[in-house]
Undergrad: 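Below is the structure I would like to discuss, written out as structure tokens.
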Amino acid sequence: MVSRPKGLGRRLPRSFYARKTVSVARELLGKVLVYDGPAGRRAARIVEVEAYLGARDPASHAYRGPTPRTAPMFGPPGRSYVYFVYGMYHCLNVVTESDGVAGAVLLRGAEPLAGFEGFSPRALAGPGKLARAFGLTTKHTNLDLVRSALSIRNARPVPSPRVVRSVRVGLNDHATTNKPWRLYVRGSFGVSRP
DNA sequence: AACACGATCTACT
DNA sequence: GTAGATCGTGTTG
């Protein structure tokens, strides 16, 4: 009989993030994003992610080297990287790889678990919607997920037959547009576009 | 100083 | 399917 924790699992340790970005992306599926913010505790199950690498990934913000905005992507693993796009949305990433090596996983979709009373069930289906529902902005970039009010908790892994790998969304004409670095849980209502 | 554009979303034809 | 919203960022002059 496998234990089934009723409450939150333990925070993922730094070592979880200090690995290859695609591996971290795969294992983030099913884990629980938690933010203890002004509105209280909010928690959601991660069901859609995308991996963004560094120098070998033209679609990545880190492709042309660090800038003030993208500095967290080059920093230590296990921190947040939040950026602002299209003049109205924010997107939350989890920094991967070792300190000095760029890599991040974009959180694109989640299923609300707690603290989202009054929200639509699909309020977290999409990266801009997810960050907005959690109340995250660029002020929350470079937070340490191992120590701060923002964290990711352990939970049961999503079995491979339930995981879909596809090309990433929203990219233009990059060379890596065809890489299958978007992963999501098959059939989940928290996925932005199945 | 000026410009082009973006890891999005919603509304509408 | 396409258009528009709306502004920080990086680049160019």
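Any value given below was found using the heavy atoms of this structure, including those in side chains, with hydrogens, waters and symmetry copies removed. Letters go in sequence order (proteins before strands), and every chain restarts at 1.
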Undergrad: Would you indicate what A/Arg69 reaches in the nucleic acid, counting non-hydrogen atoms under 4.0 angstrom: base, sugar-phosphate, or nothing?
TA: sugar-phosphate
Undergrad: Report which part of the nucleic acid A/Leu106 touches: base, sugar-phosphate, or nothing (heavy-atom distance under 4.0 Å, all strands).
TA: base
Undergrad: Contact class for A/Tyr52 (heavy atom, under 4.0 Å): base, sugar-phosphate, or nothing?
TA: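 Base contact.
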Undergrad: In this structure, how many angstroms lie between the P atom of C/dG10 and the CZ atom of A/Arg64, rounded?
TA: 13 Å
Undergrad: NA contact type, A/Arg108, heavy-atom cut-off 4.0 Å: base, sugar-phosphate, or nothing?
TA: sugar-phosphate
Undergrad: Using a cut-off of strictly less than 4.0 Å, decide whether A/Asn172 has a side-chain nitrogen or oxygen near OP1 or OP2 of B/dG6.
TA: yes
Undergrad: Measure NE2/A/His90 against C1'/C/dC7 and give the value in whole Å, please.
TA: 10 Å
Undergrad: Any cation-pi pair here, A/Arg19 with A/Phe16, using under 6.0 Å and within 45°?
TA: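 That pair qualifies as a cation-pi contact.
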Undergrad: For a quick check under 3.5 Å, do A/Thr67 and A/Thr70 share a side-chain donor-acceptor pair by atom type?
TA: yes
Undergrad: In this structure, how many angstroms lie between the P atom of B/dC9 and the CD atom of A/Glu48, rounded?
TA: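 My rounded result for the distance is 9 Å.
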Undergrad: Answer yes or no as to whether B/dT8 has its base stacked against A/Tyr89, where stacking requires a ring-centre separation under 5.5 angstrom and planes under 30 degrees apart.
TA: no
Undergrad: Please check: side-chain N/O of A/Ser80 versus main-chain N/O of A/His140, any donor-acceptor pairing under 3.5 Å?
TA: yes
Undergrad: Can you tell me, in whole Å, how much space there is between the C1' of C/dG1 and that of B/dA7?
TA: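 Going atom to atom, C1' in each nucleotide, I get 22 Å.
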Undergrad: Within 45 degrees of the axis of the six-membered ring of A/Tyr52 and under 6.0 Å from its centre: does A/Arg168 put its NZ or CZ there?
TA: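 A/Arg168 over A/Tyr52 ring: yes.
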Undergrad: Give me the atom names and distance for the closest heavy-atom approach of A/Pro77 to A/Thr96.
TA: CB-C, 4.1 Å
Undergrad: Once you apply a heavy-atom cut-off of 4.0 Å, does A/Gly128 come out as touching a base, just sugar-phosphate, or nothing?
TA: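 A/Gly128: backbone/sugar contact only, no base atoms under 4.0 Å.
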Undergrad: Looking at B/dT8, I'd like to know if its phosphate oxygens (OP1 or OP2) sit under 4.0 Å from a side-chain N or O belonging to A/Arg132.
TA: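 Negative; the distance criterion is not met.
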Undergrad: Determine the Euclidean distance between corresponding P atoms of C/dT6 and B/dA2; express it in Å to zero decimal places.
TA: 22 Å
Undergrad: Report the nucleotide, chosen from B/dC9, B/dA7, C/dT6, that has the shortest atom-to-atom distance to any side-chain atom of A/Met88.
TA: C/dT6
